[in-house]
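Shown next, in structure tokens, is the structure this report addresses.
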Amino acid sequence: MICYKWCFILIGNNKEVNVKLYGRGGQGVVTAANVLVRAVCIAGLWGQAYPFFSAERRGAPVTASVRISRERVRSRYTNVKPDIAIIFDHKLYEILNISQDVRDGGTLIINTQFKIRTSDRYRIFYINANDIVRKLGLFFTGWSLVNMPMLGAFSKVTGLVNVDDLIRSVREYLHGDLLELNVKAIKIAYDEVSEAE
Amino acid sequence: MSIKIQGLSRDNYVLPGHTACPGCPETLGLRYVGMALGKDSIIVVPAGCSTIIQGTLPKSSIAMRVINVPFASSASVASGIANVKEILKIGGIPVVWAGDGATADIGFASLSGSAERNDDLIYICVDNEAYMNTGIQRSSLTPYGAWTSTTVTGKREDRKEVPLIMLLHKIPYTATASIAFPLDFISKLRKAATIRGFKYIHLHAPCPTGWRFDPSKTVEVAKLAVEVGAWILFEAEQHKLRLTPPSNIYLDKHKRKHIKDYISVQGRFKDLSEDDLRRFEDFINNTWELLLKFT
Amino acid sequence: MVTKVLTGNYAVAEAVRLSNVDLITAYPITPQTTIVERLSEFVDMKLIKARLMRVESEFAALAAAYGAALCGARAFTATSSHGLLFAHEMLWWVAGSRVPMVLAVVTRTVGPPWNIWSEHTDFMGQRDCGWLMALAENNQEILDTTIQLYRITEDEEVYLPGMLGFDGFLLSHTSEPVDIPDEDVIKSFLKPRSQPYNMCSDNILTMGNLSNAEDVATMRYDIHKSMENAKEVIKEVDREYEKLTGRSYGGLTECYRCDDSKYLIVAMGGWVGTMKDVCDELRSNGYDVGVLKVRFFRPFPEEDLTKAMSSVKGVLVFDKSVSLGSLGHIHSEVLARTYGLSNKVVVRGVIAGLAGVDVNPNDIRGIILKFIGDVEEGGYIGNTSEWFLGR
């Protein structure tokens with residue numbers, strides 16, 4: 001496992017790490033946030049996931065945030081600059097003005113087949129999750145289910161949650177073929193995610 | 001189901017000391033409900049004349065279980081009871097006893113919801129054709145031309161056909177009844193009690209106070225409504241409509257009494273013009289035609 | 001006991017599952033909807049014995065639950081905002097009938113314009129109906145208080161319905177770990193359903209017919225007395241629940257570092273957690289700040305509040321609701337209890353977080369420090385009121 005700064009940060013002074021997931025209605029953003037919270041709980045940390053809803057429309061941008069902490073999280077507010085952004089659709093980088101959202105020095109994990117222009121204020125990681133789910137046939141009513149592989153990439157990049165805990169968590173949310181395909185997708189994404197040059 | 005008067009219970013379900021107006025059709029109707037269902041009924045009463053008729057707490061003139069509820073809520077409250085009847089082993093039948101306003105206007109959503117869910121209860125609309133309890137205001141069941149305190153020159157709209165609307169909810173049993181024909185009403189109630197699901201009975205109940213007639217003539221006026229064809233008695237099981245005896249013969253238009261016989265005894269129609277009268281007649285004929293399409 | 005990651009709404013559903021409920025009535029409204037969705041799943045999967053009615057309105061939801069409760073059913077329903085307002089008439093009827101039942105209110109702004117985010121005005125608007133009213137701070141408290149409310153409402157000293165409010169989205173759709181007690185534990189905690197009378201028993205009763213003025217006035221007074229009785233019952237139930245689960249919420253209020261404080265923050269609901277964090281930070285910087293969390297708004301915790309105010313210089317009240325043309329709801333309750341205190345207390349009410357306006361620790365810290373500064377500089381400055389609009 002590559003371990004960048006985030007797996008150490010909770011041991012330091014930072015009380016919590018803020019993760020934000022950016023996707024579209026139908027891509028499973030909220031489920032991914034919940035799976036992530038469960039995974040960090042399995043790992044002995046505290047997690048809190050809070051989605052931001054507007055109109056519940058397929059395809060509309062949806063975000064969900066996750067607080068990860070060593071201690072119980074009591075605070076509840078939504079205007080938080082995330083440390084780590086998981087971006088399910090690279091077009092959202094501009095549509096949601098993500099460069100104004102993420103904290104300087106933060107990390108971006110982007111689902112893309114292109115190397116997109118971002119900012120040198122961030123560490124950028126790419127994963128072609130669309131390709132992974134297409135090969136596995138992971139679709140639901142026409143939407144490609146990239147949420148779990150994106151978490152696989154997150155696990156590798158941050159080290160905040162190890163992939164076994166992540167898969168244990170996924171097993172509580174999914175069942176049958178869907179579960180097995182997602183576990184495969186998580187492992188592939190874990191192996192394939194790479195840092196931008 | 002043939003019922004003979006000798007076979008009916010002699011118990012009193014509406015006790016002396018009630019606070020209804022003289023000639024009140026609702027006390028008659030409630031008495032028939034008691035005769036038909038006895039102590040089995042759990043009566044749900046929304047705001048209306050029957051709220052007053054019970055008299056003042058801690059006493060009541062109704063010797064049946066009575067739950068008074070807000071105006072628009074009666075069908076829903078009865079539905080709630082119906083839904084826990086089995087798990088709580090409740091003995092009795094929820095029976096809504098609601099006026100035309102509570103049924104056709106403010107409580108209509110509640111009624112339609114209960115019927116659509118086919119909740120196991122009997123819903124009786126006791127129809128005196130206006131908001132009598134608040135002092136005779138028009139309802140959607142007030143007939144065309146009738147004076148009320150909010151239609152002082154006569155109502156300009158026709159009444160809607162709530163029994164047919166209920167029939168089209170495809171509930172297992174829909175019927176009309178009249179306080180002038182107690183045996184017909186009682187037999188319909190008893191039949192309803194044997195059927196599982198939502199049962200709707202629309203009871204015609206002429207009100208001497210609101211219709212402006214002699215309080216000794218309540219039953220007579222109710223009877224006239226049937227005889228002129230203005231009120232049609234039927235029942236519908238499994239969505240198949242069938243006229244019931246007092247109304248059978250009036251299928252033949254010529255056997256009906258003249259509409260004037262019914263209109264002229266009611267002060268609320270005293271300003272009706274000849275044109276209005278013809279319109280009234282047309283309305284009756286159209287209603288028969290519409291109804292017969294469901295037979 | 002198991003720990004699950006649950007949203008606030010799913011925490012309610014779990015509590016209802018554990019509470020041996022007979023009837024659930026369901027009607028959707030954002031952000032409440034996922035409560036009744038989850039419950040209908042429980043019913044369809046036969047995980048609970050309750051019947052579920054999918055009704056045609058919130059008014060019908062409360063009316064049907066009421067009918068069943070009159071006949072001995074333990075009943076549950078849930079709503080938000082406009083749904084709650086639509087059911088308002090039934091709220092009075094249920095409380096006046098002295099029928100125990102539990103309602104979850106996922107707080108949401110009342111329109112227009114349409115807005116789905118949390119404020120407390122919908123909930124606070126029901127404060128005169130005769131219902132017990134609790135507002136939860138986190139998802140664990142949602143689960144625990146729902147269960148406790150069945151016990152409290154069915155206590156013969158109380159016999160009133162109870163509603164549990166919690167912030168839409170901020171809690172209802174926020175996932176966090178929640179301990180779920182064992183079924184056996186809750187079974188022993190909740191006694192069999194108890195209510196003052198049963199309309200479907202063999203007794204011929206009439207409920208709610210006409211009454212003379214003095215009788216009605218007396219009945220209202222009886223409800224008020226039962227509210228007073230409920231205070232002790234709420235505390236007892238909290239203590240007993242703690243013995244079984246290890247969790248206590250302090251009864252009507254929670255005093256967080258407020259025993260020796262000079263400045264007292266008073267608030268209800270999900271943002272109290274943020275205030276506790278700010279309080280810790282200010283304490284470590286030498287400010288004597290404490291937080292009094294109002295857990296039950298009805299009955300109002302007059303004694304707890306008076307005690308907490310008796311040694312402070314200033315009280316800062318955060319309201320997420322307002323009586324337009326007057327003050328925030330908690331603010332006016334607090335002011336009414338400053339009369340007769342032997343110490344002179346400065347009170348400030350801050351109306352904030354309306355319509356879901358985000359209130360973060362910086363905002364709260366700024367408001368607190370400004371208040372402390374104003375009092376330290378100006379001395380006894382009486383009562384002030386402010387609005388925080390987020391811009």
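Each chain gets a letter, A, B and so on, in the order its sequence line appears, and its residues count up from 1.
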Original post:
Using a cut-off of under 4.5 Å for heavy-atom pairs, which of C/Ala75, C/Ala65, C/Ser201 has the most such pairs with chain B?
Top reply: C/Ser201
Original post:
Take atom NZ in C/Lys187; do more than 12 heavy atoms of anything else shown fall under 6.0 Å from it?
Top reply: no
**OP:** Heavy-atom distances under 4.5 Å only: say whether B/Lys85 touches chain C with side chain, backbone, both or neither.
**Re:** neither
**OP:** State, yes or no, whether a side-chain contact exists between B/Val45 and C/Met207 at a heavy-atom distance under 4.5 Å.
**Re:** no
Original post:
Does the side chain of B/Thr51 reach to within under 4.5 Å of the side chain of C/Asn209, using non-hydrogen atoms?
Top reply: no
Original post:
In terms of heavy-atom pairs under 4.5 Å with chain C, which of B/Pro70, B/Pro58, B/Gly113 leads?
Top reply: B/Pro70
Subject >> Under 4.5 Å from any heavy atom of chain B - which part of C/Arg54 >> reply: backbone
**OP:** With rounding to the nearest 0.5 Å, note down the distance linking CG in C/Leu23 to CG in B/Asn83.
**Re:** 6.0 Å
**OP:** Sort out for me which of B/Gly55, B/Ala75, B/Ala78 touches chain C most, counting heavy-atom pairs under 4.5 Å.
**Re:** B/Gly55
Subject >> Least distance between heavy atoms, C/Asp22 atom then B/Val84 atom >> reply: O-CG1, 4.4 Å
**OP:** Could you tell me which portion of C/Asn203 (side chain, backbone, both or neither) has an atom closer than 4.5 angstrom to a non-hydrogen atom of chain B?
**Re:** backbone
Subject >> Any side-chain heavy-atom pair of C/Glu56 and B/Ser114 under 4.5 Å >> reply: no
Original post:
In terms of heavy-atom proximity below 4.5 Å to chain C, should B/Ile42 be classed as side chain, backbone, both, or neither?
Top reply: side chain
Subject >> Side chain / backbone / both / neither for C/Leu62 at chain B, heavy atoms under 4.5 Å >> reply: neither
Original post:
Relative to chain B, which segment of C/Ile204 carries a heavy atom at a distance below 4.5 Å: side chain, backbone, both, or neither?
Top reply: both
Subject >> Interchain contact, B/Ile43 with chain C, by part (heavy-atom threshold 4.5 Å) >> reply: neither
Subject >> Side chain / backbone / both / neither for C/Met53 at chain B, heavy atoms under 4.5 Å >> reply: side chain
Original post:
So do B/Ile81 and C/Cys200 actually touch side chain to side chain, heavy atoms under 4.5 Å?
Top reply: yes
Original post:
Is it true that atom CD of C/Glu183 has more than 12 heavy atoms of other residues, nucleotides or ligands lying nearer than 6.0 Å?
Top reply: no
**OP:** Can you tell which part of C/Ser211 gets under 4.5 Å to a heavy atom of chain B, answering side chain, backbone, both or neither?
**Re:** both
Original post:
Non-hydrogen atoms of chain C under 4.5 Å away: do they reach the side chain of B/Val66, the backbone, both or neither?
Top reply: both
Original post:
What's the verdict on salt bridge (charged side-chain N to carboxylate O under 4.0 Å, His left out) for B/Glu86 and C/Arg51, showing C-alpha distance, side-chain angles and the deciding distance?
Top reply: CA-CA 10 Å; B/Glu86 268 171 30; C/Arg51 293 270 315 203; 5.3 Å; no
**OP:** May I ask you to test the C/Asp202-B/Lys39 pair for a side-chain heavy-atom distance under 4.5 Å?
**Re:** no
Original post:
Do the side chain of C/Trp93 and the main chain of B/Ser73 share a donor and acceptor less than 3.5 angstrom apart?
Top reply: no
**OP:** Would you mind telling me which of B/Ala82, B/Ala109, B/Pro94, B/Ser76 has the largest number of heavy-atom pairs within less than 4.5 Å of chain C?
**Re:** B/Ser76
Subject >> Atom group of B/Val69 that falls short of 4.5 Å from chain C, counting heavy atoms >> reply: both
Subject >> Contact summary for C/Tyr66 and B/Asn68, nearest pair of heavy atoms >> reply: OH-O, 4.3 Å
**OP:** Using a cut-off of 6.0 Å, state whether more than 12 heavy atoms not belonging to C/Lys49 lie near its atom NZ.
**Re:** yes
Original post:
B/Leu88 versus chain C, heavy atoms under 4.5 Å apart: side chain, backbone, both or neither?
Top reply: side chain
Subject >> Choice from B/Ala72, B/Gly92, B/Gly91, B/Ala63 maximising heavy atom contacts with chain C below 4.5 Å >> reply: B/Ala72
Subject >> Check: B/Ile52 and C/Leu210 side chains under 4.5 Å, non-hydrogen atoms >> reply: yes
**OP:** Below 4.5 Å from any heavy atom of chain C, which atoms of B/Arg65 appear? Answer side chain, backbone, both or neither.
**Re:** both
**OP:** Find out whether C/Thr206 and B/Lys59 are in side-chain contact, i.e. whether some heavy atom of one side chain is under 4.5 Å from a heavy atom of the other.
**Re:** no
